Structure formats: structure tokens, C-alpha cells
Amino acid sequence: MKADKLTFAVSLLAWGALYYLLGWISLFLDGPESRVVFIWLPSGVAVAAFLITTRKQWLALWFILFLARLALGLTFHHTFHVSLVLALFSLTSQVGIAWCVRYFSRGYDQLHKIVTWVISTIVISALAALAGVGWLSLLAGSVQMQWLWIAWSANVTGTLFVTPPLMGLLAPADKEARRESLAGVCLVFAVLLATLYIFSDVPDPSDNVAVIYALACLPLVLLTAATVICGNRLASLAFILFSAGVIYASWRETGPFYFARLTPEESVLLAQSYLSAAALLLVFIRAQKMHGTAGRHSRAMAYSLDPETGRMSWDPHADPTLTAALAPVTHREALLALVPDPQQQARMAARWQAVANNQPVAETFRFTLAIAGHPPITLTERNILLMSDKDRPVIVAFWSEDQGSLFQPAPQEEG
């Protein structure tokens with residue numbers, strides 16, 4: 001128990017330090033006096049932190065990130081009460097994004113999770129930007145709505161291209177990708193070199209725009225290859241290096257987006273859109289890759305339950321490791337004892353009761369089993385229905401093992 005508390009405390013401090021570091025970079029890129037930055041990198045850190053952390057620990061995490069946000073205001077000598085209110089707006093919006101991804105999650109439906117994440121990011125960031133700019137306008141005594149789109153785009157782009165690589169770095173190691181580790185390392189270096197080469201100079205006005213923008217696609221091609229070939233961690237590392245190169249070029253006003261015919265604001269917006277589009281492309285590729293491998297490697301199980309006696313029997317043709325582990329469980333009370341979360345226990349019992357009463361149960365149910373001698377396993381109950389066996393009603397349910405994903409909520413939070 002003490003070790004768990006220590007691990008949690010260290011993780012909180014790490015999230016707070018990362019939030020502060022990326023916040024310092026965001027403010028430094030736009031100047032110490034700036035309150036509305038062109039890109040707010042900590043938004044992606046906060047969303048990733050809330051997605052990874054269990055909901056019962058959100059308050060502690062929110063408090064640490066809030067302190068980090070206030071520390072940024074003190075570092076750059078911002079007015080304390082202004083920093084306080086803006087921190088409340090910002091962190092509340094990031095909690096809202098994470099909550100939407102968890103609440104509207106549909107088990108294995110990765111596309112739905114990604115779309116939910118994108119839509120909630122766009123909408124909630126707009127509300128937070130409107131509240132923040134409204135607060136600044138109230139203090140200034142005049143309307144400051146010219147900063148609205150900057151505040152909105154800063155949070156949206158910061159969330160879109162910071163959250164995915166962080167989640168990828170913290171995802172479980174992909175065993176299949178280890179065989180391509182050498183090719184993956186080469187691709188990472190290729191992405192970095194291509195980014196540095198393409199974004200190191202300012203294009204000449206006489207250069208062909210089509211050729212310049214075509215060259216800007218080269219890092220995206222290499223990133224796509226890294227995402228397909230490598231595991232989540234190497235692909236995320238490649239994307240972080242790529243993003244760092246593009247952001248540094250934007251700060252120095254170099255690269256293919258800084259034509260003389262464009263204003264600095266338009267160039268920054270192009271660079272941010274470029275990074276966000278790259279992040280979305282890689283997220284969808286990763287989701288498709290996970291969908292393809294999940295069917296080959298996920299374990300499945302089915303059982304039947306007599307609602308009157310509570311006796312259970314397991315499908316002998318299911319995954320042999322799961323069958324062997326669950327063979328001693330012959331009664332529903334024994335199964336409930338393997339579910340450590342009381343809320344999930346109640347949800348499982350309620351589903352049995354509903355099916356026994358001929359009430360349809362269409363939604364999936366995600367839960368965790370803690371089997372003695374085995375690591376905890378996260379399962380999804382996809383279907384549960386009432387059937388007849390020798391003129392006796394029998395509940396039949398089908399399980400499948402969850403695979404790690406980009407926006408997978410913490411197992412103990414489902415149900």
C-alpha cells in the first residue's frame with residue numbers, strides 16, 4: 001500500500017513538472033509578457049494525465065496541475081488573480097475533454113473514441129477560450145475578442161498533437177514491434193533529419209510553392225511508415241522529435257510556411273494546422289493498426305449461468321489459458337469475488353438480473369478480473385442474453401480481452 005502511494009505521488013510530481021516545463025516553453029516562445037499564447041502545450045499534457053489517471057485520483061491530479069499553472073504565472077510575473085482564474089478555466093476544460101472521452105467510450109470502438117476526443121476538444125476549448133477572453137475583457141474594460149481565435153487554436157492544437165505521443169509513450173510495449181526495432185530507430189532518425197532539412201531555411205519568393213509544400217509532406221510519409229512498422233513508443237518518439245523541429249522552426253520563422261506573402265499569424269496558424277493534421281493522421285493509422293491486431297491476439301471466453309441456482313459453466317473451446325484460470329469458478333458469487341471493484345460487481349449483478357427478467361441489455365460492459373496467480377485482466381462483456389436449455393432459462397454471455405489503445409480509460413473506472 002505504501003509503495004502504491006509513493007508511486008502515485010511520484011507520478012503526480014512528474015505530471016506537474018511536465019506541465020510546468022511545456023508551459024514555460026509555450027510562454028517563452030511567445031514572450032514573457034504574453035497571456036494568450038499561440039500554442040498551449042500543457043493542454044495536451046493535462047488531457048493525457050486525466051485519461052491515464054483513475055477518476056478517484058482526479059482531484060489530486062487537478063490540484064498538482066493547478067499549482068504548476070500558478071507557478072508559471074509567478075515565473076513570468078503575471079498578475080496572480082488573473083492567472084488564478086485562467087488556470088481554473090483551462091484545467092476545467094481539460095478535465096471536461098477527458099471526461100467526455102471516458103463517458104462516451106464504446107469499448108473497442110476506437111474510431112468513436114477518437115471522434116469523441118476531437119469534437120470535445122474543439123467544443124470545450126471554444127467555451128474555455130470564450131470564458132478566458134471574456135474575463136480579460138472585463139478586466140481591461142474593453143472587448144478583447146480579437147484574442148478569441150488565438151486562445152481557442154492554442155488549446156486545440158496543443159491537445160491534438162501533444163496528447164497522442166504522450167499516450168503512445170506510456171502505452172504497453174508492443175511485443176511484435178521489437179523485431180523491427182532497428183528499422184524503427186532508422187526511421188526515427190530519418191524523420192528528424194528530414195524535418196531539420198526541410199524546416200531550416202526560409203523559402204525564396206521565387207521558389208515553386210507546390211514543390212515546397214510537397215517536400216513538407218516527406219516527414220509525414222516517414223512518420224506514417226514509423227507508425228505502421230514501429231511500436232507505439234518509437235512512433236511517438238519520432239512524432240515528438242518532428243513536432244519539436246516544426247515548433248522550433250516556427251519560433252525562428254523558418255520553414256515552408258514562412259513565405260513573404262504571408263503574415264506571421266497566418267504562418268503560425270499553418271504550422272499548427274500542419275502539426276494537428278499530422279497527429280490526427282497518425283492517430284487514425286494507429287487505431288486501424290490496433291483494430292487489425294486485436295482480432296488476432298485478443299482472448300475470448302463464454303459462459304452460461306443458471307439464474308435460479310447460480311451455477312456457472314465455461315465454454316471449453318475458448319482461450320485455454322482463460323479456461324484453465326476460470327475453471328474453479330462454478331458459482332456466480334465466486335465470479336463476483338474475482339471483481340475487485342464494488343461498482344463493477346453491482347453492475348455485473350444488475351445485468352444478470354435484467355436479463356433474467358427478459359429485459360434487453362445492449363450496451364457493453366468493461367471490467368477487471370483479479371485471478372489468483374495471474375496478473376489482472378481487463379475484459380469486455382460484449383453480449384449477454386437469455387436462452388433455454390432443457391426447458392430451463394440460462395444466461396449466456398460472451399467476453400473478450402481488452403487491448404491497449406490510445407484513449408483507453410483506466411480499467412477500474414468502467415462500469
Side-chain angles (χ1 to χ4, degrees), residues 14-30 34-53 58 61-73 76 78 83-102 114 116-133 135-136 147-170 236 239-240 243-244 246-247 250 268-269 271-273 275-280 283 406-407:
W15 283 120
L18 184 60
Y19 187 97
Y20 178 87
L21 174 62
L22 293 189
W24 187 92
I25 292 174
S26 298
L27 291 169
F28 175 78
L29 292 176
D30 285 294
S34 177
R35 289 193 180 281
V36 183
V37 295
F38 279 95
I39 182 168
W40 186 241
L41 301 174
S43 60
V45 175
V47 172
F50 286 116
L51 284 173
I52 291 174
T53 307
W58 275 12
L61 176 61
W62 188 93
F63 182 70
I64 290 295
L65 298 181
F66 182 74
L67 291 179
R69 181 63 184 266
L70 293 183
L72 283 170
F76 287 90
H78 292 165
S83 298
L84 180 70
V85 174
L86 293 180
L88 288 173
F89 291 152
S90 179
L91 287 172
T92 301
S93 70
Q94 288 138 22
V95 170
I97 294 170
W99 181 87
C100 287
V101 174
R102 289 194 175 189
I114 294 170
T116 300
W117 168 63
V118 173
I119 293 176
S120 60
T121 297
I122 292 172
V123 173
I124 295 176
S125 295
L127 296 175
L130 187 61
V133 172
W135 168 250
L136 294 178
W147 296 108
L148 179 63
W149 78 269
I150 298 178
W152 173 78
S153 64
N155 281 282
V156 169
T157 53
T159 301
L160 291 185
F161 74 81
V162 173
T163 302
L166 278 180
M167 300 293 285
L169 284 176
L170 297 172
S236 298
F239 185 81
I240 289 172
S243 301
V246 174
I247 292 173
S250 298
V268 170
L269 181 60
Q272 289 178 279
S273 301
L275 283 174
S276 300
L280 290 176
V283 165
L406 177 62
F407 301 111

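All of these numbers come straight from a predicted model, not from anything done at the bench.
The backbone N or O of V156 lies less than 3.5 Å from no partner atom in the side chain of T121, so there is not a single donor-acceptor pair. Under the 3.5 Å distance criterion, the side-chain polar atoms of S83 are left unmatched by any main-chain donor or acceptor of L70.
For the pair L84 and F66, the minimum side-chain heavy-atom distance is below 4.5 Å. Counting heavy atoms from C-beta outward, F161 and I39 have side chains that approach closer than 4.5 Å.
Annotation: the span from T157 atom OG1 to L275 atom CG amounts to 8.0 Å, rounded to 0.5 Å. Atom CG of L160 and atom CG of N155 lie 10.5 Å apart (nearest 0.5 Å). Taking OG1 from T92 and CG from L127, the interatomic distance works out to 12.0 Å, rounded to the nearest 0.5 Å. Atoms CH2 and CG, from W24 and L72 in turn, are 10.5 Å apart once rounded to the nearest 0.5 Å. The CH2 atom of W152 sits 6.0 Å away from atom CD1 of I122, with the distance rounded to the nearest 0.5 Å. Taken from CD1 in I124 to OG1 in T159, the straight-line distance is 10.0 Å, to the nearest 0.5 Å.
Closest approach of A128 and S93 over heavy atoms only: CB-CB, 3.5 Å.
L130 meets the side-chain contact (heavy atoms from CB on, under 4.5 Å) test with M145, L148; sequence neighbours excluded. With sequence neighbours left out, A131 forms a side-chain contact (heavy atoms from CB on, under 4.5 Å) with F89. Here W99 pairs with Y103 under the ring-ring contact (aromatic ring centres under 6.0 Å, His included) rule; sequence neighbours left out. The side-chain contact (heavy atoms from CB on, under 4.5 Å) search around S236 returns P165, L169, R286, not counting sequence neighbours. With sequence neighbours excluded, the residues satisfying ring-ring contact (aromatic ring centres under 6.0 Å, His included) with F239 are F242. When the side-chain hydrogen bond (donor to acceptor under 3.5 Å, both in side chains) test is applied to S90, the partners found at least two apart in sequence or on another chain are R69, Q94. F50 is linked by a ring-ring contact (aromatic ring centres under 6.0 Å, His included) to W58, counting only residues two or more places apart in sequence or in another chain. Residues satisfying the side-chain contact (heavy atoms from CB on, under 4.5 Å) criterion with A49, sequence neighbours excluded, are W15, L61.
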